[in-house]
2 protein chains.
Amino acid sequence: MSEARARLLSTASGLFYAEGLHSVGIDRIIATAGVTRATLYRHFPGKDDLVVAYLTLADEAIRARVDAARSRDALPEDVIRTVARSIADDIRGPGFRGCAFLNAAAEYPDPAHPVHRAVLGHRQWFLAAITELFTDTGKPDPEPAGRHFAMLRDGAMAAGCLTDPEPICATFLRGVEGLLEYRSGLGPDDGA
Amino acid sequence: MSEARARLLSTASGLFYAEGLHSVGIDRIIATAGVTRATLYRHFPGKDDLVVAYLTLADEAIRARVDAARSRDALPEDVIRTVARSIADDIRGPGFRGCAFLNAAAEYPDPAHPVHRAVLGHRQWFLAAITELFTDTGKPDPEPAGRHFAMLRDGAMAAGCLTDPEPICATFLRGVEGLLEYRSGLGPDDGA
DNA sequence: GGTTGAGTAGACCGATCGTTCTATCTACCT
DNA sequence: AGGTAGATAGAACGATCGGTCTACTCAACC
């Protein structure tokens, strides 16, 4: 928890997210953080561990936001809406560069690699969390609904940094709303 | 069109797609292709140009498949279904590693970079093509429908290489079908 | 028959990669 | 007062990066 370690992780996160994992070297990180090589290797065994720490940080931040939405809104539908709105805010926000996890997976395809596994872990949690929210709504077929939500999210985050984010956010939020609203008229056996 | 150039581009494409752009070096490419360094630099000014050529190849392949679907099916709805099915087949196929363009954009965030611009070009074409297909159906709001389709596609391709592709394909195809079917009951002014 | 273009083979460039090392300094804890 | 942990500074490691270079071979074409 030393100050140098915090500065290191913070600047590394910024650089990794903005420019990519392989494009950012150790030299850039320590120079930007104003820290020595030895200090980095005191806190992190290697670059891979620094990347994993970066993803862990992002994972915790997102979990915290979902938890906050959970405790703020009473109805599970509203929690889902709040989560969707927070995703849209991210996409609209300055410096948005897509999903940190999808970007990481693109650079680390090997399923056995710690970085790739960190991505898988986060995505597994997210799908379970959003599916649970759909379950809480009491509507039929929460599982395909959760998958549908996650798919829209992935697509929105992937596209949001490549063109004008406004129409992407509009499409995403409308898709989520449709997923939420029109399912209420459905029976339990006609899919999603 | 020399044989060496074709071999070069083909093996480079395979390596780039499977392992990432920055992870694959010139040495690996020429060794795998069984070609000399000088031969590579005779046909491509630099690595960036090789990457762009790889994306151009992928772009042309996809355009050809959409054209084929266009000329095979009579109804625009069926063309859309055929395109969606071909995307699902890709995701299910062996060695699927996500969308080559989204992966490339993750590694080349700079909008001015030729590789990034190639990604943008492909995506711009795809959105226009799919929107045109929705326009041809005569149903209302083809533009948001096209955007919705593209978003589902992006999400499906991003997720398809991270977990079991089967449920992802199911969610994608069901989403497209919903987009196609339930829109027929809508008026012109209630969004998508 | 000579020129030209495409290919092979391989040395070589500077730069950067991630990593390890020694040495010194400083602040805090007992 | 002494010891330890965390930080600084900076040299050095081998490996690899993308790219350039010279020298030689071979086949096709005018």
Side-chain angles (χ1 to χ4, degrees), chain A residues 1-56 103-104 106-110 112-118, chain B residues 1-56 103-104 106-110 112-118:
Chain A
M1 276 293 189
S2 78
E3 199 258 335
R5 186 200 152 97
R7 200 147 29 99
L8 211 30
L9 184 50
S10 158
T11 63
S13 294
L15 289 173
F16 282 152
Y17 182 67
E19 305 188 21
L21 273 15
H22 287 135
S23 299
V24 175
I26 294 292
D27 293 348
R28 277 280 299 291
I29 296 172
I30 61 174
T32 309
V35 155
T36 339
R37 223 173 209 72
T39 305
L40 189 156
Y41 284 100
R42 180 186 310 279
H43 294 288
F44 302 95
K47 189 192 178 184
D48 287 354
D49 305 82
L50 187 53
V51 173
V52 170
Y54 147 65
L55 290 178
T56 303
N103 290 345
E107 296 204 55
Y108 290 85
D110 180 7
H113 195 285
V115 171
H116 191 99
R117 294 168 67 90
Chain B
M1 276 297 184
S2 79
E3 198 258 336
R5 186 201 153 98
R7 200 148 29 100
L8 212 31
L9 184 50
S10 158
T11 63
S13 294
L15 288 172
F16 282 152
Y17 182 66
E19 305 189 20
L21 273 14
H22 286 134
S23 298
V24 175
I26 295 292
D27 292 347
R28 278 279 300 290
I29 296 172
I30 61 175
T32 309
V35 155
T36 339
R37 219 176 209 69
T39 305
L40 190 157
Y41 284 101
R42 181 187 310 278
H43 293 288
F44 302 95
K47 189 192 178 184
D48 288 354
D49 305 83
L50 187 53
V51 174
V52 169
Y54 148 64
L55 290 178
T56 303
N103 289 346
E107 296 204 54
Y108 290 85
D110 179 8
H113 196 285
V115 172
H116 191 101
R117 295 167 67 91

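The sequence lines fix the lettering, A, B, ..., with proteins before strands; numbering per chain opens at 1. Since this is a predicted model, take the numbers as computed values, not measurements.
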Measure the distance from [atom1] on [X] to [atom2] on [N] and round it to the nearest whole Å.
| X | N | atom1 | atom2 | value |
| --- | --- | --- | --- | --- |
| Glu107(A) | dC17(C) | CD | P | 14 Å |
| Arg37(A) | dT24(C) | CZ | P | 21 Å |
| Leu8(B) | dT8(C) | CG | C1' | 14 Å |
| Phe44(A) | dT20(C) | CZ | P | 15 Å |
| Arg28(A) | dT19(C) | CZ | C1' | 19 Å |
| Leu50(A) | dG18(C) | CG | C1' | 12 Å |
| Leu40(A) | dA9(D) | CG | C1' | 15 Å |
| His22(B) | dG18(C) | NE2 | C1' | 17 Å |

Legend entry - Min side-chain heavy-atom separation Arg28(A)-Glu19(A) under 4.5 Å: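 Yes, close enough: below the 4.5 Å cut-off.
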Using the side-chain heavy atoms of [X], tell me which of these nucleotides is nearest: [options].
| X | options | result |
| --- | --- | --- |
| Tyr41(A) | dG7(C), dG18(C), dC21(C) | dG18(C) |
| Ser2(B) | dG7(C), dA9(D), dC21(D) | dG7(C) |
| Thr39(B) | dG6(D), dT19(C), dG7(C) | dG7(C) |

Inset, instruction - Take Lys47(B) and Arg7(A), find for each the nucleotide of DNA chain D with the closest heavy atom, and name the residue whose nucleotide sits nearer the 5' end. - result: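 The residue closer to the strand's 5' end, by nearest nucleotide, is Arg7(A).
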Legend entry - Check: His116(A) ring centre within less than 6.0 Å of Tyr108(A) ring centre: no
Legend entry - Nearest heavy-atom neighbours spanning Leu15(A) and Ile29(A): CD1-CA, 4.0 Å
Legend entry - CZ/Arg117(A): more than 12 non-hydrogen atoms of other groups inside 6.0 Å: no
Inset, instruction - Between Ile26(A) and Arg42(A), just flag the one whose closest nucleotide in DNA chain C comes earlier from the 5' side. - result: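 In this pair, the answer is Ile26(A).
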